[in-house]
Amino acid sequence: MPTTEQTRDLPSQYDPAATEAAIYQRWIDAGVFSADEKRSKRNGGDRDPFVIVMPPPNVTAVLHMGHGLNNTVQDVVIRWRRMVGDEALWVPGTDHAGIATQNIMEKQLAAEGKSKADLGREKFIERTVAFVEETGGEILRQLRAIGASADWNRTAYTFSPELSVGVREAFVQLYERGLIYRGHRVIHWCPRCLTSLSDEEAEHSEETGSLYHIAYPVVGAKKNETLTVATTRPETMLGDVAVAVHPDDERYKKLVGKSVLLPIANVEIPIIADEYVDPAFGTGVVKITPAHDPNDFEVGKRHKLSMPVIMSPDGTMANAADAGHRVPAELIGIDRFEARERIIRTLEKSKQLVKVESHQHAVRHCYRCDTVVEPRLSDQWFVKMEPLAKPALQAVRDGTIRILPERWEAVYINWLENIRDWNISRQLWWGHRIPVWYCDSCKCEIVSRTDVSACEKCGGAVRQDDDVLDTWFSSWLFPISTLGWPDKSSAALAAFYPTDDLVTAPEILFFWVARMIMAGYAFMGAAPFHTVYLTGTVRDMNHVKMSKSLGNGIDPLDVVAAYGADALRYTVVAGMGMGADLMLDPKDLERSFAPGRNFATKLWNIGRFLLSNVGSQTVRSVDELSDDELTLPDRWILARLNTAIFECDAALGPARPEKGTWRQEERYIGLRLSEYAESARRFVWNELADWYLETTKTRIAAGGDDAEVARAVLTHAFDYALRLLHPIMPFITETLWQRLPLPVIAERPEFLAVAGWPIAVPLGSDDKSAVTQFDLVREAVGAVRQIRSDYSIPPATMLDVSIRSNRHARVFKDSSPLIGRLSRSTVSVDGQSDTAGAAHAVLTDGTELIVPLGGIVDLKKECTKLRGELEQLDKQLDSLTKRLENEGFISRAPVHVVESERRKRDEWLKRREQLAEKVKAVCGG
RNA sequence: GGGCGAGUAGCUCAGUUGGUUAGAGCGCCUGCCUUACACGCAGGAAGUCGGGGGUUCGAGUCCCUCCUCGCCCACCA
């Protein structure tokens with residue numbers, strides 16, 4: 001039957017590099033990844049929509065393992081749903097990434113010895129657009145290499161004209177609803193990026209700094225009285241407008257109302273009382289610098305103090321318009337940290353520096369360039385968050401949205417409960433310009449969906465706000481804007497919103513996920529998705545997060561080139577438990593990705609076996625095989641297949657809540673991809689390949705009707721195995737599936753990618769007994785192998801195996817070729833054999849395996865062990881029986897508990913019976 | 001400072017409501033190039049389940065306590 005023609009067809013070594021790109025192209029050409037609005041049930045079609053919106057990578061990004069992991073997860077889920085028959089849509093896209101992209105451009109310019117000011121705003125943007133056009137989207141091309149089945153026709157870009165319409169609409173709507181306002185307050189300022197940042201963009205890091213105690217002389221005091229303040233940032237003292245003490249602080253009560261002389265600046269500032277001061281910290285005296293500290297700003301407002309700014313945007317010392325001459329000439333233009341040193345030296349000289357303490361405190365850094373941010377008073381646009389947060393909070397509380405792993409829900413809720421207003425204006429050039437125009441002649445402010453060229457009121461000239469919007473102000477709209485919002489008649493929006501799952505890294509839970517949920521409610525009145533799946537982090541062997549700058553990263557494309565996309569995907573999926581980090585060794589790709597590569601090779605070789613042994617002749621359909629044609633191994637593998645399907649389904653879980661919101665019992669199940677991968681792997685490798693495939697060899701070689709049955713069942717089992725694995729390993733499964741000699745049925749789809757997902761059927765009692773019986777055979781084979789190994793019997797030596805079985809003589813007789821071949825033994829069932837000089841194995845059902853050996857075999861050890869077990873079991877039984885005879889227990893315990901205890905006792909009794917038999921067999925009468 | 005999570009085999013992790021001998025992958029040891037596969041096959045060693053205490057006939061699992069890591073949040077200058 002096997003021909004050289006066919007085997008030549010599949011090379012002996014799987015070569016992913018030679019096949020993957022071509023398969024991907026065939027999928028694309030056939031439109032396999034394209035979703036159709038009309039097929040969605042919400043648009044009158046007959047399919048449930050299933051939608052994932054891809055977290056848009058930065059347009060300048062190149063693929064790293066984090067993307068690899070994240071997008072593999074999404075692709076597995078979307079491919080699974082596509083096979084189930086959903087109208088599956090995965091929306092891809094990129095983010096224009098305001099600060100990040102602008103930083104890259106500025107670096108480019110700097111390398112040419114230029115600055116963005118040299119170019120001017122217009123030219124700078126032109127150049128950035130050109131750069132993005134040229135290099136942007138590279139990452140999306142790279143995603144194709146790992147098999148991402150996104151609908152590329154719908155590729156979105158946060159800065160595209162279409163999506164920009166949505167950004168304006170969102171701004172104007174919120175403005176009209178009173179949720180966007182301009183605020184004059186202290187915000188986080190990055191002196192390197194020269195822009196304000198949101199609270200989330202200013203990241204804390206714990207640092208050891210100094211706490212400087214500085215003496216401010218009290219004005220008009222008798223004996224050189226001073227007030228000592230403590231500060232970590234002495235340079236800001238030049239902006240002090242008061243010193244504050246707690247109103248009830250007896251130490252300072254009589255000083256309130258007097259003044260101190262601010263050193264260096266030589267300005268008199270008042271001593272005020274405010275509850276904000278903690279008398280127990282430091283000296284109980286706080287310097288108040290309203291323009292450079294958010295708390296001081298609040299104090300300043302309460303006391304109607306002036307708020308001089310004493311620093312330039314770039315972090316050098318300077319007198320702003322309202323600062324007079326607070327900053328002395330010699331400090332002007334000096335960087336804030338240098339100024340800090342100089343001020344300290346000056347104070348030291350004037351004996352006003354009382355002491356310096358080491359101090360542990362959190363310092364905020366820019367999340368883009370890691371520069372220490374400066375609190376700074378300025379005008380910014382803000383979104384009022386509390387009203388938006390309410391429904392977002394409710395959604396997670398009531399189960400409309402679930403977050404996996406579960407523990408992140410608490411983090412999410414905690415953040416939303418303490419939500420603060422969102423600073424959305426950035427002093428950058430790269431981004432959506434704020435849609436606000438100012439008329440200088442009549443001093444009005446126009447907020448508009450369309451560009452404004454003249455003042456509505458006075459017809460005078462207008463100028464648009466110079467600032468741009470926070471990047472996240474466009475990405476928070478992604479699930480709606482990519483589907484056509486604000487065009488409410490958009491077919492895509494109707495068909496695919498709300499979406500289903502959102503898969504991303506926990507780092508952007510607040511930046512992005514929470515805000516998307518808010519936007520979903522604010523603009524669509526509905527949650528954007530029902531499931532948030534937060535992946536783990538990719539780390540190296542020292543548990544350090546992989547990053548380009550640390551040089552411990554892995555380029556997914558290197559892995560694809562060396563071992564194939566499937567190896568990458570399988571390794572990632574199998575190695576990542578729910579929410580767990582993934583450890584990989586950048587110095588040893590071979591070892592890191594061995595699980596995936598090895599498994600792909602295994603699949604490949606099963607395919608080669610099929611091709612050479614089953615051949616290309618169409619097989620019979622398993623549906624038409626009658627019960628009495630099926631052998632024990634056939635029934636066993638079909639039952640195991642069913643179990644595997646069931647386990648995969650259970651691990652992947654319900655794709656959506658059954659009744660709109662998640663019920664408690666379904667809320668945290670599903671999306672356990674590593675369990676799904678393991679179930680599928682175990683079936684293919686440990687059951688199909690290790691056992692069933694072996695049983696077919698002699699049958700197929702023998703030919704005849706039974707060979708046809710074996711061919712049919714083997715092909716069917718492998719067909720379904722490939723289906724189960726396709727979401728994880730799309731390329732190799734598609735390649736092999738294309739060559740299967742499947743039975744001719746009317747609607748065989750062209751691609752495995754859209755072939756049906758297997759459906760599990762409940763096991764009948766016959767199937768269950770097939771499993772039990774065949775497992776006994778496996779046990780027998782195992783026992784023989786162990787005996788061989790224990791007694792170092794060479795493979796070539798034949799063994800006579802006698803089996804004494806009271807129940808399964810038939811099973812062993814039927815399986816004797818199997819036992820014989822796998823162990824190179826001959827088997828006789830119910831044969832007489834002397835126990836002297838023989839190795840024994842007692843199977844779980846009491847069946848004895850007797851293998852005559854040359855030497856003497858000691859059974860004493862086994863006997864002692866079994867007796868111990870029996871003793872233990874008796875003890876357990878005893879106490880359980882006592883409990884079940886206890887009136888008090890029966891009356892108090894719930895019925896189901898009593899019942900389960902009774903069942904347990906029955907099981908144990910049965911087990912005891914078996915064990916006793918074993919003991920008898922092994923230890924002798 | 002507040003909140004959360006984790007400590008199980010050398011490594012990465014599973015362990016459902018307490019219940020037979022605590023599992024998997026990788027690594028390790030032994031023997032095999034057995035015509036699908038040495039990226040493989042067969043067999044094996046290896047865990048006082050972070051420490052201590054408690055509840056129970058029985059604890060990796062429940063309770064208390066301590067230790068060690070990690071994460072998120074935070075305006076005490």
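First the proteins, then the strands, lettered A, B, ... as listed; each starts at 1.
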Legend entry - Atom pair distance, as rounded to whole Å: CG in A/Asn295 and P in B/C76: 8 Å
Legend entry - For atom CG of A/Asp540 and atom P of B/C11, their distance in whole Å: 16 Å
Legend entry - Residue mapping more 5' on RNA chain B - nearest nucleotide basis, A/Glu678 or A/Arg672: A/Arg672
Inset, instruction - Respond yes when some side-chain nitrogen or oxygen of A/Arg364 is under 4.0 Å from OP1 or OP2 of B/C75, and no when none is. - result: yes
Inset, instruction - Please report, rounded to the nearest Å, how far the C1' atom of B/C13 is from the CZ atom of A/Arg539. - result: 15 Å
Legend entry - Contact check, side chains of A/Val241 and A/Pro290, non-hydrogen atoms, under 4.5 Å: yes
Inset, instruction - May I ask you to verify if any side-chain N or O of A/His359 is less than 4.0 angstrom from the OP1 or OP2 atom of B/A77? - result: yes
Inset, instruction - Look at A/Lys697 and B/U34 and indicate whether a side-chain polar atom (N or O) is within less than 4.0 Å of OP1 or OP2. - result: no
Inset, instruction - Could you work out the separation of B/C67 and B/C76 based on their P atoms and round it to a whole Å? - result: 25 Å
Inset, instruction - Report yes or no: do A/His188 and A/Asp199 form a side-chain donor-acceptor pair below 3.5 Å? - result: yes
Inset, instruction - Starting at atom CZ of A/Arg785, determine the distance to atom P of B/A42, rounded to an integer number of angstrom. - result: 6 Å
Inset, instruction - Round to the nearest Å and state the distance from A/Asn414 atom CG to B/G3 atom P. - result: 10 Å
Legend entry - Nearest-angstrom distance, P atom, B/G50 to B/C39: 37 Å
Inset, instruction - Answer with base, sugar-phosphate or nothing: what part of the nucleic acid does A/Leu693 contact at a heavy-atom distance below 4.0 Å? - result: base
Inset, instruction - Spell out yes or no: do the side chain of A/Glu590 and the base of B/C39 have one donor N/O and one acceptor N/O closer than 3.5 Å? - result: no
Legend entry - Between B/C37 (C1') and A/Phe609 (CZ): distance, integer Å: 11 Å
Legend entry - Rounded distance in Å between the C1' positions of B/C11 and B/C28: 12 Å
Inset, instruction - Enter the distance from A/Leu211:CG to A/Glu357:CD here, rounded to the nearest 0.5 Å. - result: 5.5 Å
Inset, instruction - Classify the angle between the aromatic ring planes of A/Phe281 and A/His359 as parallel (below 30°), tilted (30 to 60°) or perpendicular (above 60°). - result: perpendicular
Inset, instruction - Check if the side chain of A/Glu675 and the base of B/A24 share a donor-acceptor pair of N or O atoms closer than 3.5 Å. - result: no
Legend entry - Partner nucleotide, any strand, of B/G31 [Watson-Crick/G-U, under 3.5 Å]: B/C41
Inset, instruction - Identify, between A/Trp415 and A/Arg597, the residue whose nearest nucleotide on RNA chain B lies closer to the 5' end. - result: A/Arg597
Legend entry - Parallel, tilted or perpendicular, as decided by the 30° and 60° cut-offs, for the rings of A/Phe511 and A/Tyr367: parallel
Inset, instruction - Give a yes/no answer on whether the side chain of A/Lys287 brings an N or O atom under 4.0 Å of OP1 or OP2 in B/C76. - result: no
Inset, instruction - Under 4.0 Å between any heavy atoms, over every strand shown, what does A/Gln360 touch: base, sugar-phosphate, or nothing? Just pick one. - result: nothing
